[in-house]
Structures are given as structure tokens and as C-alpha cells.
Amino acid sequence: METHFSKNQLKDEQNKSSEKNFRKCVHCGFCNSTCPTYNLLGNELDGPRGRIYLIKDMLENNKPANEKIVKHIDRCLSCYGCMTTCPSGVNYMHLIDHGRSHIEKTFKRNFKDRLIRNFLSLTLSKAINFKIVLILTRLIRPFHFILPKKIRNIINLMPSKIPKKTLSKMTIYPPYKRKKPVARVALLTGCVQKVISPQINEATIRLLNRHGIEVIVSKGIDCCGSLNYHLGKSDLAKKNFKKNISTWYEEYLKNGLDAVISNTSGCGTTLKDYGFIFKSDKDFKKKAKKISELTKDISEYLDENVKLNFLKDMKNIKGYKIAYHSACSMQHAQKVHSIPINLIKKTGNEVFDIPDGHLCCGSAGTYNLLQNDIAKKLLEDKISNIEKVKPQFITTGNIGCITQIAQGTKIPILHTVEIIDWYTGGPKPDILKKL
Ligand code: SF4
Ligand code: SF4
């Protein structure tokens with residue numbers, strides 16, 4: 001794609017990097033074929049190629065965003081299905097992040113939109129704020145029908161109960177039997193996940209501790225920052241990124257860290273991108289690169305570093321038919337697909353890919369809250385494809401997908417780490433107790 005950025009514009013590092021990406025694009029349109037929003041809406045501007053043109057036009061011509069551009073960019077799921085298909089290696093993720101940040105700086109959304117987006121930014125990125133909102137939602141749920149549609153959608157997606165934690169809050173979880181640790185890792189426990197599904201972090205910690213690994217849960221680390229980043233609030237997100245990078249880097253220097261573990265693939269994708277985001281920041285460049293290098297999805301870490309001690313009497317445990325939902329952030333952004341499947345297969349269960357598994361379930365961070373109609377259609381398609389496999393339960397590695405898919409089916413769904421924990425000596429997940 002031809003570009004016409006001025007020399008002055010290219011002094012800006014983000015423009016420089018986006019320009020490289022625009023130049024890689026040969027406008028072949030292959031990406032459109034795997035884009036969920038293009039497939040649903042059939043409009044060129046609702047596909048990656050069209051969006052790339054919109055972003056290029058804004059950045060190159062120093063144009064503020066307008067209603068039309070915002071509509072089509074907002075409809076992008078950031079699922080990155082287009083990146084898997086692109087033969088030219090265009091990093092669409094960096095382009096859409098740049099586009100969103102430009103929109104936030106140059107376009108004033110209407111009052112209602114600003115209110116909802118600021119509300120999401122404030123509540124979802126802080127576990128304590130989210131917990132308070134969950135309690136309040138329980139009080140207003142009976143009257144939710146009088147509220148505007150978007151607020152109703154948000155309330156409908158909120159869980160009605162806050163599950164109890166079974167592991168006490170600590171900053172260091174030593175290996176079982178107080179053995180000398182074979183490795184030391186930091187765990188990102190997340191913001192929303194630790195409130196609505198504490199069992200995922202608990203299974204991760206138990207599993208790692210049982211295999212001799214010390215787990216650090218650093219104080220003050222809540223959100224990975226991706227929520228604000230994808231809302232276009234890049235300044236706010238960067239404050240969050242810097243806090244995380246500084247905390248983990250200090251831990252790495254002082255006591256040593258073998259990895260930073262993410263068990264939410266949406267967050268892991270952002271952690272792995274810290275190095276790129278700060279590549280021109282002289283104070284954070286080195287630290288951010290190190291944190292990105294240390295970041296592993298839990299499935300990758302287990303596969304590369306841990307000899308899992310599966311239960312000896314595993315053959316006596318009932319075999320299940322499991323559908324594996326490959327989260328977009330896992331398969332398209334991190335390119336991790338077969339690792340979790342192979343790990344689950346080691347438990348002796350049957351694992352099935354879901355037809356059209358490359359397509360998003362509609363969760364996509366705050367997407368199901370902000371673009372409910374498209375998200376709902378994608379969910380219906382996903383559920384219908386899952387049902388074709390006739391699984392006894394579903395598994396995935398991302399809390400957003402777990403919450404979204406659970407809205408559309410009664411088939412139980414759980415995080416992959418819960419299965420591995422169970423088959424290596426942990427408790428059977430509650431959700432499967434009736435199976
Ligand atoms: S597939 Fe890649 S090169 Fe082709 S139009 Fe899409 S982004 Fe551009
Ligand atoms: S990220 Fe997903 S929704 Fe957005 S353009 Fe790419 S394929 Fe389409």
C-alpha cells in the first residue's frame with residue numbers, strides 16, 4: 001500500500017511503525033474472508049482491509065475521526081483472525097490500537113457513550129471497583145428493565161453471585177511440602193477474573209505449587225491494562241503497563257523470576273506486547289522487553305517447563321468428550337493453539353476442535369457489552385458449532401470467552417488449567433460435579 005506520511009510525521013515512532021505495516025499490505029483482501037464482522041455485515045469498511053484504509057487516512061492526513069470511522073473501528077472485535085490469514089505479515093493489532101488511540105484523542109463521543117466507556121474503564125480494570133458494582137447490580141437487577149439497553153446488557157452479563165475463594169490471599173505461594181522451589185514465577189491474577197472465577201487462579205497456583213514451583217502474586221498488580229488500551233485510553237493504559245512492568249522487573253532483579261504467567265489469554269497478549277509498546281521509551285524499553293520475554297500462557301509454561309505428574313489411577317477416572325474453544329487472543333494473537341489441546345489429551349480425555357473454530361465467540365474484552373447485537377449473533381453461531389461436537393463440557397483459556405459462552409449454553413465450561421489441576425491431584429471442578 002502506498003503511503004504519504006511526511007518526514008515530520010515519521011519522527012513519531014508510532015506513525016513510523018504503522019507506516020511500515022501499511023506498506024506491507026498489498027490490499028489482497030484475503031483477511032476479509034476470516035473476519036467475523038465482514039462475514040456478518042458484508043461491508044468493506046467492516047473488514048480489516050477497509051479499516052486499514054480508514055486508519056491510514058486519519059493518520060496520514062492528520063484527520064480527526066468522525067462518526068462513520070468510529071462506527072466501523074468500534075465494530076472491530078480485535079480478534080486478529082485477519083492476522084492469521086494475512087500472507088504479508090501485516091500487524092493489524094498494532095494498527096487498530098493506533099487507530100483507537102487516535103479516535104480517543106480526536107473525537108468526542110456522545111454523552112451516553114462517554115459515560116458507558118468511562119464506567120467500564122473505571123470498574124472493570126480494578127477488582128475492588130468491580131466487586132462494588134457487582135453488589136450494586138444485585139440490588140438494581142429487579143428494576144433493570146427501566147434502564148437503557150446498553151446498561152441492561154451490562155447487568156445481564158454480570159454474575160448474580162460472587163463465588164467464595166478457597167485459597168487465602170498471600171504474596172508468595174511456596175511449593176508444597178516446603179521443598180526448595182524448582183522455579184519461581186509471577187502470576188497475573190487479573191481484575192475481573194479473580195472476582196468472578198477465583199477458582200482459575202487457585203487451580204493455577206495449586207498446580208504450580210504441587211510441581212515444586214513458587215508462585216508470586218505481587219501487591220498492587222490488578223489489571224494488565226488491555227481493557228483501557230482497547231477502549232483507546234492509551235495514556236491511562238500506559239500508566240497501568242508501567243506499574244506492572246516496574247513491579248515485576250524489580251522482583252526479577254531482586255529475587256529472580258523464571259516467568260510471568262498469564263492464565264487469561266487476552267491479558268497475556270498485552271503482556272507479550274509491552275516490549276513493542278515501549279520500544280522507543282528510554283526508561284522502559286529494556287524492562288518492558290524483559291517482561292514480554294518472560295510472559296507465558298500457563299499452557300505454554302506447563303508444556304515447556306513442567307513434567308506433569310498425572311494421577312496414577314487416571315484410567316479409572318471417567319473419560320469425557322471435551323470441546324476445546326481456542327480463544328482468539330490465544331490462537332490468532334499468541335499463535336498458541338495445539339499446546340493446550342495436547343495437554344488436555346494427556347489426561348486421557350477426548351478433545352475436539354469446534355467447527356469454524358477460528359471465528360470469535362463475540363466476547364472480545366468489552367465488545368459484548370458495547371456491541372451487543374453483533375456479539376449475540378457471533379455467540380449463537382459459536383454455540384451452534386459447539387453443539388455439533390456434542391461435548392460433555394467445553395474448555396478454553398480465557399475468562400472473557402468462558403463468561404460469554406456460558407451465556408448461550410447449559411453445557412458446562414471451564415478453564416483448561418482446572419482440568420490439568422484436577423488430573424494431577426487437585427479437586428474435581430464444582431461445575432463438573434454432576435457429570
Ligand atoms: S490480507 Fe494482509 S495484505 Fe491482504 S489486504 Fe488484508 S492486511 Fe492487506
Ligand atoms: S481483528 Fe477481527 S473483527 Fe477486527 S478486522 Fe481483524 S478479523 Fe475483523
Side-chain angles (χ1 to χ4, degrees), residues 1-3 17-60 65 68-103 226-227 229-232 265-266 269-270 272-273 276 325-335 337 356-382 398 400-401 404:
M1 193 180 273
E2 237 180 81
T3 57
S17 144
S18 291
E19 199 241 6
K20 270 191 201 151
N21 263 318
F22 293 133
R23 283 189 164 270
K24 279 187 191 167
C25 176
V26 293
H27 29 94
C28 61
F30 286 172
C31 49
N32 280 353
S33 63
T34 51
C35 171
T37 55
Y38 179 79
N39 289 339
L40 266 185
L41 305 164
N43 182 340
E44 173 71 17
L45 295 180
D46 287 317
R49 183 174 57 182
R51 291 185 178 119
I52 289 174
Y53 273 105
L54 292 177
I55 298 167
K56 177 176 168 287
D57 185 40
M58 284 194 295
L59 298 177
E60 197 173 56
K68 183 181 161 198
I69 298 174
V70 172
K71 178 171 94 179
H72 297 294
I73 299 291
D74 278 358
R75 281 180 181 166
C76 172
L77 292 139
S78 282
C79 69
Y80 314 129
C82 47
M83 280 170 49
T84 298
T85 332
C86 175
S88 304
V90 174
N91 191 316
Y92 177 86
M93 175 168 86
H94 292 157
L95 291 180
I96 193 80
D97 286 343
H98 195 178
R100 289 198 162 116
S101 161
H102 183 80
I103 288 175
S226 63
L227 199 128
Y229 206 51
H230 293 149
L231 285 170
S265 58
T269 301
T270 302
K272 287 182 178 182
D273 208 34
F276 169 82
H325 165 71
S326 200
C328 297
S329 40
M330 192 88 115
Q331 61 169 320
H332 300 306
Q334 299 190 42
K335 308 289 180 218
H337 178 68
D356 278 337
H358 62 285
L359 293 175
C360 181
C361 64
S363 159
T366 54
Y367 194 91
N368 52 356
L369 304 171
L370 295 168
Q371 300 282 339
N372 191 256
D373 293 340
I374 301 175
K376 219 167 153 186
K377 180 72 188 81
L378 291 172
L379 176 63
E380 281 165 17
D381 293 346
K382 182 60 71 184
N398 191 44
C401 308
Q404 170 80 341

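Keep in mind that this is a model prediction, so the values were computed, not measured. Counting convention: from 1, in listed order, for ligands and their atoms alike.
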- request: Inspect the surroundings of CZ in F276 and state if more than 12 heavy atoms from other residues, nucleotides or ligands are less than 6.0 Å away.
  value: yes
task: Report the nearest protein non-hydrogen atom to atom 6 (Fe) of ligand 1: residue, atom name, distance rounded to 0.1 Å.
output: C31 SG, 2.2 Å
message: Once you restrict to heavy atoms under 4.0 Å, what part of C28 touches ligand 1? Side chain, backbone, both or neither.
response: both
field: atom 3 (S) of ligand 2 - nearest protein heavy atom and its distance
entry: L77 N, 3.4 Å
- request: Considering the heavy atoms of P48, write down every atom of ligand 2 situated less than 4.0 Å from one of them.
  value: 5 (S)
task: Show which atoms of ligand 2 fall inside a sub-4.0 Å distance from at least one heavy-atom site of C35.
output: 3 (S), 5 (S), 7 (S), 8 (Fe)
- prompt: Taking the side chain from Q334 and the backbone from S265, do they hold a donor-acceptor pair closer than 3.5 Å?
  reply: yes
message: Does either side chain, that of T84 or that of K335, offer a donor lying less than 3.5 Å from an acceptor on the other one?
response: yes
message: So for G29, does at least one of its heavy atoms come nearer than 4.0 angstrom to any atom of ligand 1?
response: yes
query: To the nearest 0.5 Å, what is the distance between CE (M1) and OG (S88)?
result: 10.0 Å
statement: Taking only non-hydrogen atoms of S88 and a 4.0 Å limit, the atoms of ligand 1 in range are 3 (S)
message: Only heavy atoms of V26, strictly under 4.0 Å: list the atoms of ligand 1 that pass.
response: 3 (S), 8 (Fe)
message: To check your reading of the model: name the closest protein heavy atom to atom 5 (S) of ligand 2, its residue, and the distance in Å.
response: R51 NH1, 3.1 Å
- prompt: Can you list the atoms of ligand 2 that are under 4.0 Å from a heavy atom of Y80?
  reply: 1 (S), 2 (Fe)
field: R51: which of C82, C31, C35 passes side-chain contact (heavy atoms from CB on, under 4.5 Å)
entry: C35
query: Can you tell me how far the OH atom of Y38 sits from the CG atom of L45, to the nearest 0.5 Å?
result: 10.5 Å
task: Do me a favour and list the nearest non-hydrogen protein atom to atom 4 (Fe) of ligand 2 with residue, atom name and distance?
output: C76 SG, 2.4 Å
message: Counting C-beta onward and ignoring hydrogens, is there a side-chain heavy-atom pair between D273 and H94 closer than 4.5 Å?
response: yes
field: pair M83-H332: side-chain heavy atoms closer than 4.5 Å
entry: no
- prompt: What atoms in ligand 1 come closer than 4.0 Å to a heavy atom of P87?
  reply: 1 (S)
query: Should the proximity of I52 to ligand 1, defined as any heavy atom under 4.0 Å, be assigned to the side chain, the backbone, both, or neither?
result: side chain
- prompt: Is any side-chain heavy atom of D356 less than 4.5 Å from a side-chain heavy atom of H358?
  reply: yes
field: Nearest-0.5 Å distance, NZ of residue K377 to CG of residue L40
entry: 6.0 Å
Side chain to side chain, I55 and H102, heavy atoms closer than 4.5 Å: no
query: Does a sphere of radius 6.0 Å around NZ in K24 hold more than 12 heavy atoms from other residues, nucleotides or ligands, not counting ones at 6.0 Å or beyond?
result: yes
- prompt: Does ligand 2 have a heavy atom under 4.0 Å from the side chain of Y92, from its backbone, from both, or from neither?
  reply: side chain
query: Which atoms from ligand 2 have a heavy atom of P36 less than 4.0 Å away?
result: 7 (S)
message: I'd like to know if C82 contacts ligand 1, where contact means a heavy-atom distance under 4.0 Å to any ligand atom.
response: no
message: At a threshold of 2.8 Å, where the distance has to be below it, does atom 8 (Fe) of ligand 2 have an N, O or S atom of C79 nearby?
response: no
field: Top protein contact for atom 2 (Fe) of ligand 1, by heavy-atom distance
entry: C86 SG, 2.4 Å
message: I need the nearest protein heavy-atom contact for atom 8 (Fe) of ligand 1: residue, atom name and distance, please.
response: C25 SG, 2.4 Å
